[in-house]
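The basis for the numbers below is simple: all heavy atoms, side chains too, and nothing from hydrogens, waters or symmetry mates.
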Amino acid sequence: MPPQLPLFVYGTLRDGDIRALVIGREPTLTAARAPGLAVVGFPGKSYPALVSDAAGVAEGLLLTDLVAAEWAALDAYEGADYERRIIMVDVDGVMGEAVVYWPLVAVRADSALWSLDRWQRNHKAAFLIEEARGRP
């Protein structure tokens, strides 16, 4: 993946506390949308997956100015469930490429939509504790 491309985040990394835990600082953020995609629940988990959906538009953020160590931390955070892919995103009507973490398991396109607000209310506190336990 070209390191100069921004990262499109659509799930838990849209939360500032999670970004701080994983990256250790606040990168430059820009609101973005990914047409033709939808954010749904990852099977059996509280976090989301991205799926193709011709009528969908995934809301998210672009993270720019990431350095190699931060990409490595993001790879570790996303783990074996995801791989990096390049997608097209829309920022204020301008389309461009971005890297995204795409699920490696088959996720049904008709899975329930995932909500950051709902995740923050119902799962964030326990998730932060669990993530903090797994870090040195």
Side-chain angles (χ1 to χ4, degrees):
M1 298 287 144
Q4 69 275 15
L5 288 179
L7 174 64
F8 178 75
V9 296
Y10 55 88
T12 59
L13 285 165
R14 288 171 53 205
D15 182 275
D17 294 328
I18 300 297
R19 285 192 307 274
L21 180 67
V22 175
I23 301 171
R25 69 173 180 95
E26 190 70 291
T28 302
L29 305 173
T30 305
R33 303 170 64 162
L37 300 173
V39 181
V40 300
F42 194 101
K45 306 291 184 181
S46 70
Y47 48 81
L50 205 55
V51 296
S52 294
D53 178 350
V57 177
E59 300 290 334
L61 297 170
L62 286 182
L63 280 56
T64 55
D65 71 351
L66 296 169
V67 298
E70 292 165 338
W71 280 106
L74 288 159
D75 288 344
Y77 174 73
E78 296 295 352
D81 290 336
Y82 298 90
E83 68 179 359
R84 289 191 210 171
R85 287 193 186 173
I86 296 175
I87 62 167
M88 296 301 293
V89 296
D90 176 349
V91 176
D92 295 328
V94 178
M95 297 298 291
E97 291 184 332
V99 175
V100 71
Y101 285 94
W102 191 272
L104 286 172
V105 301
V107 179
R108 292 175 48 118
D110 64 352
S111 297
L113 293 176
W114 185 87
S115 160
L116 178 63
D117 291 337
R118 188 172 53 245
W119 178 85
Q120 287 170 322
R121 282 191 313 273
N122 299 327
H123 302 284
K124 178 181 173 177
F127 192 84
L128 280 169
I129 292 167
E130 191 62 31
E131 281 296 310
R133 281 188 191 139
R135 297 187 177 278

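- Residue Pro35 comes nearest to Met88 through the heavy atom pair CD-O, 4.1 Å, listed as atom of the first residue, atom of the second, then distance.
- Distance CG/Asp15 to CG/Leu13: 9.0 Å, rounded to 0.5 Å.
- Atom CD of Glu78 and atom CD of Glu83 lie 12.0 Å apart (nearest 0.5 Å).
- Side-chain atoms of Trp114 come within 3.5 Å of backbone atoms of Ser46 as a donor-acceptor pair (strictly under, hydrogens ignored).
- For Asp110, the salt bridge (Lys or Arg N to Asp or Glu O under 4.0 Å) test picks out Arg108, with sequence neighbours left out.
- Taking each heavy atom of Val22 and Tyr77 in turn, the nearest pair found is CG2-CD1, 3.4 Å.
- Of all the heavy atoms in Pro43 and Ala106, the pair that sits closest is CG-O, 4.3 Å.
- Residues Leu63 and Leu29 are in side-chain contact: their nearest non-hydrogen atoms beyond the backbone lie under 4.5 Å apart.
- Distance check, rounded to the nearest 0.5 Å: CG of Leu61 to CZ of Arg14 gives 6.5 Å.
- Within the 4.5 Å cutoff, the side chain of Trp119 has heavy atoms near those of the Ile18 side chain.
- Smallest separation of non-hydrogen atoms from Val107 and Gly41: CG1-O, 4.0 Å.
- Of the possible polar contacts, none joining the Arg85 side chain to the Val100 backbone as a donor-acceptor pair under 3.5 Å is found.
- Residues Phe42 and Pro48 fail the side-chain proximity criterion, which asks for heavy atoms closer than 4.5 Å.
- Across all non-hydrogen atoms, the minimal contact from Pro103 to Tyr10 is CD-OH, 4.4 Å.
- In this structure, CD in Glu131 is found 7.5 Å from OG1 in Thr12, a value given to the nearest 0.5 Å.
- In this structure a side-chain-to-backbone donor-acceptor pair under 3.5 Å is present from Glu70 to Val67.
- Residues passing the salt bridge (Lys or Arg N to Asp or Glu O under 4.0 Å) test with Asp65, sequence neighbours excluded: Arg25.
- Note: Ile23 CD1 to Leu74 CG = 4.5 Å, rounded to the nearest 0.5 Å.
- At a threshold of 4.5 Å between non-hydrogen side-chain atoms, the residues Val39 and Leu50 count as touching.
- Side-chain contact between Phe127 and Asp17 is absent, with no heavy atoms from C-beta onward closer than 4.5 Å.
- Once rounded to the nearest 0.5 Å, the distance linking CG of Leu7 with CG of Leu5 reads 10.0 Å.
- Val57 and Val91 are assigned to two separate hydrophobic clusters, defined by single-linkage of ILVMFWY side chains at heavy-atom distances under 4.5 Å.
- A single hydrophobic cluster is not seen to contain both Tyr47 and Leu104; linkage of ILVMFWY side chains at heavy-atom distances under 4.5 Å, directly or through other members, places them apart.
- Residues Pro6 and Glu97 come closest through the heavy atom pair CD-O, 3.7 Å.
- Using modelled atom types and a 3.5 Å distance limit, the side chains of Asp75 and Tyr101 yield a donor-acceptor pair.
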